[in-house]
Amino acid sequence: MKILFYAAKTYDKKSFDPCLEAFPGISIDYIDHELEPRTAALAEGYDAICAFVSADVGADTLSILAEKGVKSVLMRCAGYNNVDIAKAKELGIQVKIVPGYSPEAVAELAMGLALAVNRRLYKAYNKVRENDYSLRGLRGVNFYKKTAGIVGTGKIGAAMCRICRGFGMRVIAYDMYHNPSLEDFVEYVTMDELLEQSDLISLHCPLLDSTYHMININSIKKMKDGVILVNTSRGALVDTDELIEGIRMNKFLGVGLDVYEEETGNVYEDRSDEIMPHSVTARLLSFPNVMITSHQGFYTMEALQAIAETTLQNMVDADKHKRTGNDVA
Ligand code: NAI
């Protein structure tokens with residue numbers, strides 16, 4: 001079983017190579033290039049390709065992969081909004097993902113972002129390094145006894161609910177499906193009630209047509225003044241232009257984003273020498289109450305190991321045409 005591994009980083013090799021010992025039938029070739037229509041033909045002769053969040057696994061890419069004989073797409077992530085599932089099914093390409101490799105990894109970053117923007121830790125760090133021990137601009141609020149509103153209570157949202165409970169917060173949530181493991185401390189409410197009552201709103205639902213731009217100027221206007229918004233899910237859950245409008249209305253105590261609409265092209269690249277022609281992200285970063293990280297929610301030792309093991313098991317299952325809970329096509 002041969003896998004072509006797109007957009008490979010050193011940390012990928014470090015987590016996948018040791019796992020290969022347990023999967024003797026699999027070999028991996030790592031390449032730097034991102035998967036997109038222009039690079040899809042490189043997969044000729046491979047059984048499967050392995051791709052990540054910024055790959056373009058749309059209809060054109062999938063058609064080329066099918067033409068070159070690739071039978072499986074192994075996503076080394078939980079989200080698959082960048083894969084044209086209908087096209088994959090039409091072409092008979094199996095698509096497997098790694099759901100829930102470490103929900104705590106993402107949830108802990110979400111709380112980290114909430115704390116960082118609340119207490120302006122990024123400012124405090126730089127101030128002290130500059131010999132500035134003043135407290136100006138650093139005042140935050142207690143989370144204790146405040147209300148956390150969690151949107152999406154699947155694996156990551158549930159972990160975030162547990163963390164917020166640990167902080168002594170009241171936890172409310174919105175999801176079409178109620179997670180039974182949370183019923184002793186989470187109160188399910190409508191989305192409007194969540195927006196109106198929460199001091200901290202954290203997004204943990206997938207990007208779907210129904211969730212695209214779910215945070216827009218209308219939803220922002222329903223939020224409490226001084227709310228903290230955290231998005232570690234997918235950038236397009238939030239309409240960035242309207243978020244900027246909300247920030248300018250002084251709606252937010254803080255905004256913490258691990259994902260944002262413009263991230264494709266940025267994710268895991270060093271672009272520090274480039275002059276950006278037009279960037280909404282740069283405008284976002286001009287605000288003192290915004291902190292952006294570059295899609296690092298998954299990036300812990302435990303999560304990387306789980307991703308590698310599950311992806312290789314997905315390859316074995318794909319080879320046997322075995323359907324599991326990891327199949328999305
Ligand atoms: P999951 O599938 O366990 O849970 C998602 C939950 O969202 C489900 O309970 C579902 O019913 C709910 N949902 C769907 N539509 C909704 C809506 N309109 N409103 C409210 N809830 C809705 O997924 P999991 O593992 O918790 O991951 C959540 C998301 O986190 C993924 O879709 C992915 O986009 C993102 N993610 C981000 C990472 C990062 O590095 N920043 C890493 C891993 C995942």
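Whatever order the structure lists them in is the order used to number ligands and atoms, beginning at 1. No experiment lies behind these values; they were computed from the predicted model shown.
- With E262 contributing its side chain and T281 its backbone, the two residues share a donor-acceptor pair below 3.5 Å.
- Of the N or O atoms in V259, none lie within a sub-3.5 Å distance of an N or O in ligand 1.
- No donor-acceptor pair closer than 3.5 Å links the side chain of D32 to the backbone N or O of A7.
- Residue-to-ligand polar distances keep Y177 apart from ligand 1: every N/O pair is separated by 3.5 Å or more.
- For D258, a nitrogen or oxygen atom sits less than 3.5 Å from a nitrogen or oxygen atom of ligand 1, counting backbone and side chain alike.
- Paired with N326 under the rule side-chain hydrogen bond (donor to acceptor under 3.5 Å, both in side chains), one option of N314, T310, T311, D317 passes, and it is N314.
- Using modelled atom types, one side-chain atom of N179 and one backbone atom of T153 make a donor-acceptor pair closer than 3.5 Å.
- Residue contacts with ligand 1 for Y212 are absent, since no atom lies close enough (heavy atoms, distance under 4.0 Å).
- Summarising the local packing, OH of Y125 is surrounded by 12 or fewer heavy atoms from other residues, nucleotides or ligands at distances under 6.0 Å.
- At least one donor-acceptor pair under 3.5 Å links the side chain of Y122 to the backbone N or O of P288.
- Atom 38 (C) of ligand 1 has T232 O, 3.8 Å as its closest protein atom, hydrogens excluded (heavy atom only).
- Any N or O atom pair closer than 3.5 Å counts here, and F298 shares at least one such pair with ligand 1.
- Summary of contacts: the protein heavy atom closest to atom 44 (C) of ligand 1 is I156 CD1, 3.5 Å.
- Looking only at protein heavy atoms, the nearest one to atom 36 (N) of ligand 1 is R234 NH1, 3.8 Å.
- Checked by distance only, ligand 1 and Q296 stay at 3.5 Å or farther apart across all their nitrogen or oxygen atoms.
- The backbone of H204, and not its side chain, has at least one atom closer than 4.0 Å to an atom of ligand 1 (non-hydrogen atoms only; backbone = N, CA, C, O).
- No donor-acceptor pair under 3.5 Å is formed between the side chain of N142 and the backbone N or O of Y144.
- Heavy atoms from other residues, nucleotides or ligands lying under 6.0 Å from NE2 of H178 number more than 12.
- Distances below 4.0 Å separate heavy atoms of G152 from the following atoms of ligand 1: 7 (O), 20 (C), 21 (N).
- Looking at T211 next to ligand 1, no N or O pair under 3.5 Å apart turns up.
- Nearest protein heavy-atom contact of atom 13 (N) of ligand 1 is C205 CB, 3.7 Å.
- Note on ligand 1: Y299 sits outside its first shell, no heavy atom being nearer than 4.0 Å.
- Between atom 7 (O) of ligand 1 and the options A78, G154, P206, A159, the minimum heavy-atom separation is to P206.
- Atom 2 (O) of ligand 1 has its closest protein heavy atom at K155 NZ, 4.1 Å.
- Within the structure, the closest approach of S233 to ligand 1 falls below 4.0 Å when heavy atoms are considered.
- Once rounded to the nearest 0.5 Å, the distance linking CZ of R136 with NZ of K123 reads 7.5 Å.
- Among protein heavy atoms, atom 19 (N) of ligand 1 sits closest to Y174 CE2, 3.3 Å.
- Scanning I307, L207, D175 for the heavy atom closest to atom 6 (C) of ligand 1 points to D175.
- Residue K14 qualifies as open at atom NZ: its count of foreign heavy atoms under 6.0 Å is 12 or below.
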Working note: F52 + F298, criterion ring pair (Phe, Tyr, Trp, His ring centres under 6.0 Å); need CA distance, chi angles, decisive distance, verdict.
CA-CA 12 Å; F52 198 47; F298 75 99; 5.1 Å; yes

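- D56 places no side-chain N or O within 3.5 Å of a backbone atom of L35 that could act as its donor or acceptor partner.
- Counting protein heavy atoms only, atom 42 (C) of ligand 1 is closest to Y101 OH, 2.9 Å.
- Protein heavy atom closest to atom 15 (N) of ligand 1, with residue, atom name and distance, is M176 CE, 3.3 Å.
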Check step by step if side-chain contact (heavy atoms from CB on, under 4.5 Å) holds for D225 and N250.
CA-CA 7 Å; D225 288 340; N250 264 324; over 6 Å; no

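- Atoms of ligand 1 found under 4.0 Å from any heavy atom of V106 (numbered from 1 in listed order, with element): 38 (C), 42 (C), 43 (C).
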